[in-house]
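Input: a single structure, listed below in structure tokens.
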Amino acid sequence: MAAKASAGEHVAYALVNFKPLTGHCEPMDTVIIAGDRILAAGLAANIVMPDNLERIDLQGLTLSPGFIDLQLNGCGGVLFNSDITIDTLDTMHAINLHSGCTAFLPTLITCSDDDMQQAVAVVRQYRTMHPQRVPGIHLEGPYLNPERKGIHDVDFIRRPTPEMIDYLCANADAITMVTLAPEVCPEGTIERLSSAGIVVSLGHTNATCAQAKAAETAGASFATHLHNAMSPLGSREPGVVGAIFDSHRLGAGIIADGHHLSWENLRIAHRLMADRLVLVTDATTPAGTDMETFAFAGQTIYHRDGMCSNVDGTLAGSALTMIDALANSIRAGIEPRAAVRMASINAAKAIHVHQQMGSITAGHFANLAIFDDSFTVRGSVSGGELKLHR
């Protein structure tokens, strides 16, 4: 197996001898990559290949679409909130490839307006450089309900001003998702953001079911870390969780790490929501490392046994990786093709980039994950660049 192959502007190669896990039933034994795109995918018998095309034997490993993480605060020892730079995004991408994650939304949690504006500028620049890696930024806050703040710094939680809503709408090309609590936002906020093309996600909210449904009618289409930091399903007040389950449109991210929710709740959510459910990590600094402590939201956070929490036990993101989220979901009883959809095409559809990424389809970015039967990532293709490791 070759250690590395680079697909430049005019370089093409074929991946062969793999087990496809695409989320669908179509047979596939060959993927041809040219530059940063998939040129063809399917059965070799149906693909015309030049005789001199390099064929890379994956030796029976599993090939899937590259995973897409819609909520990634940091990993590999870095945190976007702490260092809002291109270098931080480069580090996050490099670490992601070891877990099969080829695209992500850098997630900035509750902070100042200045930091938000800096982060948007950095992400816009990075998207220009690497459109296959970062579709845009996820602003998680600051327009949240303090009663469901989680680890977010209450000193920065606030209501949106007309000026900042104008700014967000004007910069929708770089802002993919905004998490907010609908009950603390002025009327018209959700309509304006969603009309600008921003995915409005309900999160860190104590909204009633009726308020959550009104937010959906106004244009909200997603929910942030289902079950966590939101009003729960009750017998007479269904809360935000009930509104999500009762919807036919709202999608939701879910953190399958065994700490943020029970495996029963993962299975129930998938049974009710199917392809509206998306695997996310909500990962922070220690993901992909053995770090035991780190700073987040002005607090010292402890990383023990895969769980990240402050001294009071409040969860502070996670140390989860996308390959582990996939493996955990399958081990919890979710069918493998459904689980891989949760990690790829479902995410792409949630943020409206499914014509560019999320499946092994001709014309899409060549973003792929390669792993073995024990869910150890053995390689990746990112923007056409193939890297294999033992």
Side-chain angles (χ1 to χ4, degrees), residues 1-68 90 93-104 126-135 322-323 326 336-337 340-341 343-345 348 353-390:
M1 191 183 299
K4 178 180 178 182
S6 177
E9 184 178 357
H10 301 294
V11 175
Y13 61 94
L15 301 176
V16 299
N17 189 21
F18 56 79
K19 292 185 295 188
L21 182 57
T22 66
H24 303 286
C25 299
E26 293 85 353
M28 180 183 300
D29 61 15
T30 302
V31 176
I32 300 178
I33 292 166
D36 64 357
R37 301 279 176 166
I38 297 171
L39 185 63
L43 295 176
N46 300 327
I47 299 173
V48 177
M49 291 191 290
D51 292 337
N52 61 351
L53 185 69
E54 180 184 12
R55 290 163 170 79
I56 297 175
D57 187 341
L58 294 184
Q59 300 182 5
L61 293 171
T62 296
L63 182 72
S64 80
F67 309 139
I68 303 170
D90 274 336
H93 172 69
I95 294 298
N96 277 346
L97 293 184
H98 290 277
S99 67
C101 180
T102 55
F104 65 101
Y126 199 78
R127 284 188 66 221
T128 301
M129 298 162 58
H130 305 292
Q132 78 282 6
R133 298 180 185 178
V134 171
M322 284 299 288
I323 189 65
L326 176 72
R337 284 180 298 182
V340 84
R341 288 197 299 272
S344 55
I345 191 62
V353 295
H354 53 288
Q355 300 300 325
Q356 295 286 321
M357 60 181 69
S359 63
I360 305 178
T361 301
H364 280 212
F365 282 120
N367 286 354
L368 307 169
I370 303 164
F371 49 95
D372 62 23
D373 291 344
S374 64
F375 298 100
T376 298
V377 172
R378 300 286 298 278
S380 63
V381 180
S382 173
E385 184 178 6
L386 170 66
K387 293 185 178 180
L388 298 171
H389 38 267
R390 302 185 185 283

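Basis for what follows: all heavy atoms, side chains included, without hydrogens, waters or symmetry-related copies.
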Closest non-hydrogen atom pair, [X] against [Y]:
| X | Y | value |
| --- | --- | --- |
| A41 | V31 | CB-CG2, 4.2 Å |
| I370 | L386 | CD1-CD1, 3.9 Å |
| H364 | G358 | ND1-N, 4.2 Å |

Test log, rule side chain to side chain contact (heavy atoms under 4.5 Å, CB included), inputs L368 and T102:
CA-CA 7 Å; L368 307 169; T102 55; over 6 Å; no
[X] vs [Y] side-chain heavy atoms within contact, under 4.5 Å:
| X | Y | result |
| --- | --- | --- |
| I360 | P65 | yes |
| F67 | V340 | yes |
| H24 | S359 | no |
| I323 | H98 | no |
| R133 | N96 | no |
| Q132 | Q356 | no |

Picking from L58, D373, L61, what satisfies side-chain contact (heavy atoms from CB on, under 4.5 Å) with K19?
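Result for side-chain contact (heavy atoms from CB on, under 4.5 Å) with K19: D373.
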Geometric cation-pi criterion R55 and Y13, 6.0 Å radius, 45° cone
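No, cation not above the ring by the 6.0 Å, 45° rule.
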Hey, what do you get for CG (L326) to CG (L21), rounding to the nearest 0.5 Å?
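Nearest 0.5 Å value for the CG-CG distance: 7.0 Å.
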So how far is it from D90 CG to I95 CD1, rounded to the nearest 0.5 Å?
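Rounded to the nearest 0.5 Å, the CG-CD1 separation comes out at 11.5 Å.
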Measure the acute angle between the ring planes of F375 and F371, then classify it against the limits of 30° and 60° as parallel, tilted or perpendicular.
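Plane angle under 30°, so parallel.
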Regarding S380 and S382, is there a side-chain donor-to-acceptor distance under 3.5 Å anywhere?
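No donor-acceptor contact under 3.5 Å links the two side chains.
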Test T62 against R378 for side chain to side chain contact (heavy atoms under 4.5 Å, CB included), laying out the working first.
CA-CA 9 Å; T62 296; R378 300 286 298 278; over 6 Å; no
